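The structure under discussion appears below in the form of structure tokens.
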Protein chains: 2
Amino acid sequence: MKNLIEDFKNFIKKKGLKYTSEREEVLREILEVEDHFDVDTLYFRLKNKNSKISKASIYRTLPLLIEAGYIQEVYKQAGHSYYEVTFNKLPHLHFICISCGRVDEVMDPRLNQLIKEHEQEKNYKLLSYHLEIFGICSNCKEALK
Amino acid sequence: MKNLIEDFKNFIKKKGLKYTSEREEVLREILEVEDHFDVDTLYFRLKNKNSKISKASIYRTLPLLIEAGYIQEVYKQAGHSYYEVTFNKLPHLHFICISCGRVDEVMDPRLNQLIKEHEQEKNYKLLSYHLEIFGICSNCKEALK
DNA sequence: CTATATGCAAAACCTTTGCACGATA
DNA sequence: TATCGTGCAAAGGTTTTGCATATAG
């Protein structure tokens with residue numbers, strides 16, 4: 001944990017930027033959040049801890065966290081973006097129920113293998129990926145009967 | 001081609017809606033577009049053909065085309081949605097270069113297989129899916145050296 | 001001290017919607 | 001003729017940005 005924060009500090013400094021309390025607040029918060037989050041989630045969680053951070057600062061910090069490899073944008077729904085912590089996370093896919101909005105994470109190492117192959121074949125540099133599957137979950141399937 | 005249009009007409013009528021020239025214009029246009037498109041693309045392509053269609057009508061027609069299975073939303077970039085024609089299309093993934101914006105389509109039947117397995121295991125009803133991979137393409141990799 | 005970051009509020013952007021008019025069945 | 005669709009412009013919601021102030025180095 002301490003290392004993650006030190007690493008981010010170094011990342012920021014290496015870019016010639018300033019390491020501020022707001023940037024650290026956002027980092028600490030995303031490390032505590034489970035599952036997926038959006039900007040509002042972070043904002044209100046921080047507000048509840050008496051942080052004086054603005055949404056603008058969150059919006060300005062997220063790209064840094066993405067660039068540093070801590071988080072990733074995983075999907076957009078109802079017009080806004082959802083992120084997740086990718087740090088130390090295994091490759092997985094998202095099953096999104098369009099009826100109730102529930103999101104299932106499913107691990108599958110074959111997916112990672114498949115993507116790595118394409119990366120090599122096409123001579124890309126892979127930065128991130130995500131597989132979203134939209135459907136109707138078993139609960140909602142029952143409810144619709 | 002003729003069948004596709006007849007099918008859409010039937011789809012619309014079966015829903016108790018009216019088959020209008022605007023709806024047909026949009027359908028005809030998406031069948032001509034190659035690769036991915038967004039609302040603006042369709043709008044200006046149609047304008048160039050002297051269509052009097054409004055963006056509102058395009059926005060209102062796309063959900064019908066999705067429901068009818070003709071197109072699918074494949075990714076969002078820079079704040080707006082991109083679609084592609086899914087009709088008669090094999091499963092594939094998108095490799096998106098974050099540097100130049102180029103999008104490569106890659107076919108891989110294993111992906112389809114993998115997804116079908118998860119669908120059965122989780123008892124979902126699959127509607128659509130997409131795999132997006134973000135990275136830097138070989139051209140841009142060279143340019144950055 | 002200087003350069004960068006913040007907070008606020010306004011702007012920008014895509015998308016949706018209310019309403020009067022027009023077209024379909 | 002009744003219902004549904006369209007175009008326009010305004011509204012809606014998220015994200016970005018300009019600017020004055022605050023803070024890091």
Side-chain angles (χ1 to χ4, degrees), chain A residues 5-6 8-29 36-44 46-47 49-68 71-83 98 101, chain B residues 5-6 8-29 36-44 46-47 49-68 71-83 98 101:
Chain A
I5 290 171
E6 278 306 306
F8 187 55
K9 193 168 180 175
N10 290 335
F11 171 84
I12 292 290
K13 300 225 167 184
K14 213 170 265 172
K15 284 179 73 77
L17 303 175
K18 291 174 180 173
Y19 190 71
T20 65
S21 59
E22 287 83 359
R23 283 174 179 166
E24 185 167 319
E25 276 178 27
V26 175
L27 171 60
R28 285 183 182 278
E29 201 56 41
H36 308 124
F37 59 90
D38 57 9
V39 168
D40 263 40
T41 305
L42 289 185
Y43 180 68
F44 288 113
L46 286 167
K47 279 293 167 193
K49 296 179 178 174
N50 295 315
S51 169
K52 285 173 292 162
I53 201 168
S54 67
K55 276 190 191 173
S57 288
I58 297 177
Y59 275 111
R60 286 187 272 229
T61 301
L62 293 185
L64 292 170
L65 289 167
I66 291 174
E67 196 187 335
I71 62 172
Q72 185 176 313
E73 193 184 326
V74 283
Y75 58 90
K76 303 203 188 193
Q77 216 173 28
H80 60 294
S81 301
Y82 285 86
Y83 305 84
I98 61 160
Chain B
I5 289 170
E6 278 306 307
F8 187 56
K9 193 168 180 175
N10 289 335
F11 170 84
I12 292 290
K13 301 225 167 184
K14 212 170 266 173
K15 285 179 72 75
L17 303 175
K18 291 173 179 170
Y19 191 71
T20 65
S21 58
E22 288 83 359
R23 285 174 177 165
E24 184 167 321
E25 276 178 27
V26 175
L27 171 60
R28 285 184 182 278
E29 201 57 40
H36 308 124
F37 59 90
D38 57 9
V39 168
D40 262 40
T41 305
L42 289 184
Y43 180 69
F44 287 112
L46 286 167
K47 280 293 168 192
K49 294 178 179 174
N50 295 318
S51 169
K52 283 174 291 161
I53 201 168
S54 66
K55 277 190 190 174
S57 288
I58 297 178
Y59 276 110
R60 286 187 274 230
T61 302
L62 293 185
L64 292 170
L65 289 167
I66 291 175
E67 196 187 336
I71 62 172
Q72 185 178 315
E73 191 184 327
V74 282
Y75 57 90
K76 303 202 187 193
Q77 217 174 26
H80 59 295
S81 301
Y82 285 86
Y83 305 84
I98 61 161

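Quick caveat, the model's predicted, so the values are computed rather than measured. Reminder, nothing fancy here: chain letters follow the sequence lines and each chain counts from 1. Just the heavy atoms: all of them, side chains too, but no hydrogens, waters or symmetry mates, feed the values below.
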Which nucleotides of nucleotides 13-25 of chain C have their base under 4.0 Å from a protein heavy atom (B), which only their sugar-phosphate (S), and which neither (-), written as one string 5' to 3'? -SBBBB----BBS

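- Considering only heavy atoms from C-beta on, A/Ile5 comes within 4.5 Å of A/Tyr19 through its side chain.
- Note on B/Glu24 versus B/Lys9: no salt bridge recorded, every NZ/NE/NH1/NH2 to OD/OE distance being 4.0 Å or above.
- Note: CD1 (A/Ile12) to P (C/dA5) measures 8 Å, nearest angstrom.
- Atoms CD (A/Glu22) and P (C/dT4) sit 17 Å apart, rounded to a whole Å.
- In this entry the distance linking NZ of B/Lys47 with C1' of D/dT6 reads 12 Å, nearest Å.
- Taking each heavy atom of A/Tyr43 and A/Ile53 in turn, the nearest pair found is CE1-O, 3.4 Å.
- In this structure, the side chains of A/Val39 and A/His80 stay at 4.5 Å or more apart for every pair of heavy atoms.
- Rounding to the nearest 0.5 Å gives a distance of 6.5 Å between CZ of A/Phe37 and CG of A/Leu62.
- Within a 6.0 Å radius of NZ in A/Lys55, more than 12 heavy atoms belonging to other residues, nucleotides or ligands are found.
- Rounded to whole Å, atom P of D/dT17 lies 17 Å from atom CD1 of A/Ile58.
- A/Arg23 places a side-chain N or O within 3.5 Å of a backbone atom of A/Lys18 that can act as its donor or acceptor partner.
- Taking atom CD on B/Glu24 and atom P on D/dT6, their separation rounds to 13 Å, with Å as the unit.
- Across its full length, the helix from C/dC1-D/dG25 to C/dA25-D/dT1 shows an angle of 30° between the axes of its 5 terminal pairs at either end, rounded to 10 degrees.
- Regarding A/Lys15, its NZ atom lies at a distance of 10 Å from the P atom of C/dA5, rounded to whole Å.
- Salt bridge status for B/Lys49 with B/Glu29: present, with a side-chain N to carboxylate O gap under 4.0 Å.
- Put simply, CD on A/Glu25 is 13 Å from P on D/dT23, counting in whole angstrom units.
- Distance, A/Arg23 CZ to D/dG25 C1': 13 Å, rounded to whole Å.
- Within the structure, every side-chain polar atom (N or O) of A/Ser54 is placed at least 4.0 Å from both OP1 and OP2 of C/dT6.
- Using a 4.0 Å cut-off between a side-chain N of Lys or Arg and a carboxylate O of Asp or Glu, A/Glu22 and A/Arg60 do not qualify as a salt bridge.
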